[in-house]
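The structure under discussion appears below in the form of structure tokens.
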2 protein chains.
Amino acid sequence: MDSTDLQRTTAPMRRRVTAAMVAEHAGVSTATVSLVANGKTHGRVSAANEAKVLDSIRKLGYVIDEIGSSLSRGVSSTVIMVAPDISNPFFAKVIAGVRSALGSNYQLLLSVTDAGQLPSAADTRRLLGLRPAGLLVDAPDPSFLEALSATGPLVLLDAPGFGEDVPAVNLDVAQGARDLAAHLAAAGHTKVAYLDGITGTTTFELRRTAFLKAATALGMSVPDGAEAATTIDVGLAADAFAEAWPEWKKAGITAVVCATDTHAYGVLQEARVAGISIPGELAVTGFDDLPYSANSNPGLTSVNLPAELLGRRAAEQLLKLINGEDLETPLLTLDSSLMVRGSTAQA
Amino acid sequence: MDSTDLQRTTAPMRRRVTAAMVAEHAGVSTATVSLVANGKTHGRVSAANEAKVLDSIRKLGYVIDEIGSSLSRGVSSTVIMVAPDISNPFFAKVIAGVRSALGSNYQLLLSVTDAGQLPSAADTRRLLGLRPAGLLVDAPDPSFLEALSATGPLVLLDAPGFGEDVPAVNLDVAQGARDLAAHLAAAGHTKVAYLDGITGTTTFELRRTAFLKAATALGMSVPDGAEAATTIDVGLAADAFAEAWPEWKKAGITAVVCATDTHAYGVLQEARVAGISIPGELAVTGFDDLPYSANSNPGLTSVNLPAELLGRRAAEQLLKLINGEDLETPLLTLDSSLMVRGSTAQA
DNA sequence: CTGAAAGCGCTTACAG
DNA sequence: CTGAAAGCGCTTACAG
């Protein structure tokens, strides 16, 4: 409703409104302006002065300068999130969760590396030069973490195996992997292939390990040579599958478990091209349960991971740390579940 | 290779290394440290002093403090990108392009609103409080733009109809829309429905207008009541289509043109549920050509928009503005093209 | 309750 | 080529 006001107050060539200008306008000191602007008036600013300052702030269109404020306070109000691959829709959901929990008091700065890459030491230093209020690191690399040690509030996401040292929100990928193995075993599969991701993040290792363990326990096996790995890319996954399939077929493979839905899309695509019947000749599964998995043909059986919740919980934990609170539960684990669809329907 | 070094220099409890500390270590003034750290030594710092400072910087692990630097320079090295919906894979690609052009000299701060929402005036002010080096605004709203007026380097993305006032990189959506209309006309369609997006961004208006115009010219029509609109969401699009289809069918509709691929996924999904044969009974098309459109079943005919390039070009233009250069071509337009797939195959 | 003043870390005329 | 000093805009003890 005040959009026309705003347009006027931010007319071209207008100089930035500073606390000093507000102070002069209100007839008080900049200290008082700061107190009022930050809502720290209780017992420190008279009601009369508060009203005057509030009025001046509105009239002049004053906004606290983040830079000056940050320098003075020693930290910025920026939360930096380090994520390995923003093009993965899974991360988009994680980020949405982070944003919703962070609200408008903190700015979210996304530090994204290229697919499959880890942030360099130089990148890290530069990030810390921004004096973030807190750090969120998704699917971290251990060496990267050491470089960040003791720099302030830090919460990891999807970082299994980092012990109790650092607060983290993890996904119980293992449960979903076990359900997946049980589902495939029940459908009569005995030889399965595994198409892995290769960002080198622990989550892929965990998915693979948990599945292989459960599969073995259920009498299934991944024969020698029935493993492949690509970055998270439909096309590359399709290529890898195309190359491997003749041999896999010979080895009696009847199911391909993919580390991500994106990999699985590649397999589905190539299978269609190659005339491989899904799920009749080959069952295909993924992890992540991306939105499109319900819409592929056939629908993709996938381990659902609660991406949005992951982001939300991590940001909530971080907010507590920033506020100096202790975390009752520094290590959170969120459930995963298996979504069964047409790509593994019983024959 | 220096990761172990880094770990040591960032050991717990270590105080931040300041330019003053470097100056003392090197036996020079902070002015000299600043010059060296910023690579502005030519003709201003002796080779001997430069070497000494460089050595001290390395030994102490000094990094310029962004906050102090920004306050002093009056601007930060942050580029803020305002985008309406990060969960749309299209934007993920745009962002990737921006990042690749920006390099490591500028931090990319994503300001994302919730799906279908525009940034509020308060959001805008807060953004400007960060003193960005430049602003990238994707699919802007005119009123939002006015609030930003004259605040520094600014480049719009996908902002048709803003005239010559502001530098922008646009997509020639109209060309793709015309190709699409021609394709449908050639396949014999005469009555088509239009499923629109409702973020209120001009790009959707343009897609719709361009298509309708070309369709009309080719003898096709969109009957009364054969238009619907939802936010960019598979489920909502599916619902809207489910509700509208009985009537559309009665009206003789044989094709649904969707404003985004995401909308089209919803139509495909609902069509499968409802047993509508695609493309036999109904042809379906989208805009964006998302990665999954090649993999849906049937494959989705879609107008390809060069998302990554859009981001890259916009960031390149912004960089020029930041460096005080003039833009030879303040208005860039990138080509679109039609990708024909199974969802519109000839009957 | 209030304001003068110091200080956050840097950059940049300015004088030498 | 070099350094002392002012200044960016804010916050926070501190003295009153």
Stepwise side chain to side chain contact (heavy atoms under 4.5 Å, CB included) test for A:L334 and A:N170: CA-CA 6 Å; A:L334 308 178; A:N170 288 317; over 6 Å; no

Stems involving DNA chain C, each a run of at least 3 consecutive Watson-Crick or G-U pairs under 3.5 Å: C:1-3 with D:14-16, C:5-12 with D:5-12, C:14-16 with D:1-3

Short side-chain N/O contact to C:dT2 OP1/OP2 from A:S46, under 4.0 Å: yes

Residue-phosphate contact under 4.0 Å: B:S29 side-chain N/O, D:dA4 OP1/OP2: no

Separation of the C1' atoms in D:dG16 and D:dT12, to the nearest angstrom: 16 Å

Given 3.5 Å as the limit, does a donor-acceptor pair link the side chain of [X] with the main chain of [Y], or not?
X: A:N49; Y: A:V45; answer: no
X: A:S69; Y: A:D65; answer: no
X: A:T18; Y: A:M21; answer: yes
X: B:D138; Y: B:V82; answer: no
X: A:S76; Y: A:R131; answer: yes

Set of salt bridge (Lys or Arg N to Asp or Glu O under 4.0 Å) partners for B:E308, sequence neighbours left out: B:R312

Salt bridge (Lys or Arg N to Asp or Glu O under 4.0 Å) partners of B:R73, counting only residues at least two apart: B:E66

Using whole Å, what does the distance between atom [atom2] of nucleotide [N] and atom [atom1] of [X] come to?
X: A:R16; N: D:dG7; atom1: CZ; atom2: C1'; answer: 15 Å
X: B:I64; N: C:dC8; atom1: CD1; atom2: P; answer: 19 Å
X: B:D65; N: D:dC8; atom1: CG; atom2: C1'; answer: 13 Å
X: B:M21; N: C:dC8; atom1: CE; atom2: P; answer: 12 Å
X: B:E50; N: D:dC1; atom1: CD; atom2: P; answer: 11 Å

Nearest heavy atoms of B:I67 and A:L130, plus distance in Å: CD1-O, 3.9 Å

Closest non-hydrogen atom pair between A:L157 and A:G311, with its separation: CD2-CA, 4.1 Å

Any residue of residues 67-79 of chain A with a heavy atom less than 4.0 Å from an atom of DNA chain D: A:G68, A:S69, A:L71, A:S72, A:R73

Sugar-phosphate only, base, or nothing, as touched by B:A31 at under 4.0 Å among non-hydrogen atoms: base

May I have the list of side-chain donor-acceptor pairs in residues 313-320 of chain A shorter than 3.5 Å, sequence neighbours left out?
unit_1 : atom_1 : unit_2 : atom_2 : d
A:R313 : NH1    : A:E316 : OE1    : 3.1
A:Q317 : NE2    : A:T329 : O      : 2.8

Strand contacts (DNA chain C) in residues 33-45 of chain B, 4.0 angstrom heavy-atom criterion: B:S34, B:N38, B:K40

Closest listed nucleotide, where the reference is the side chain of B:R131 and the choices are D:dT11, C:dC10, D:dG9: D:dG9

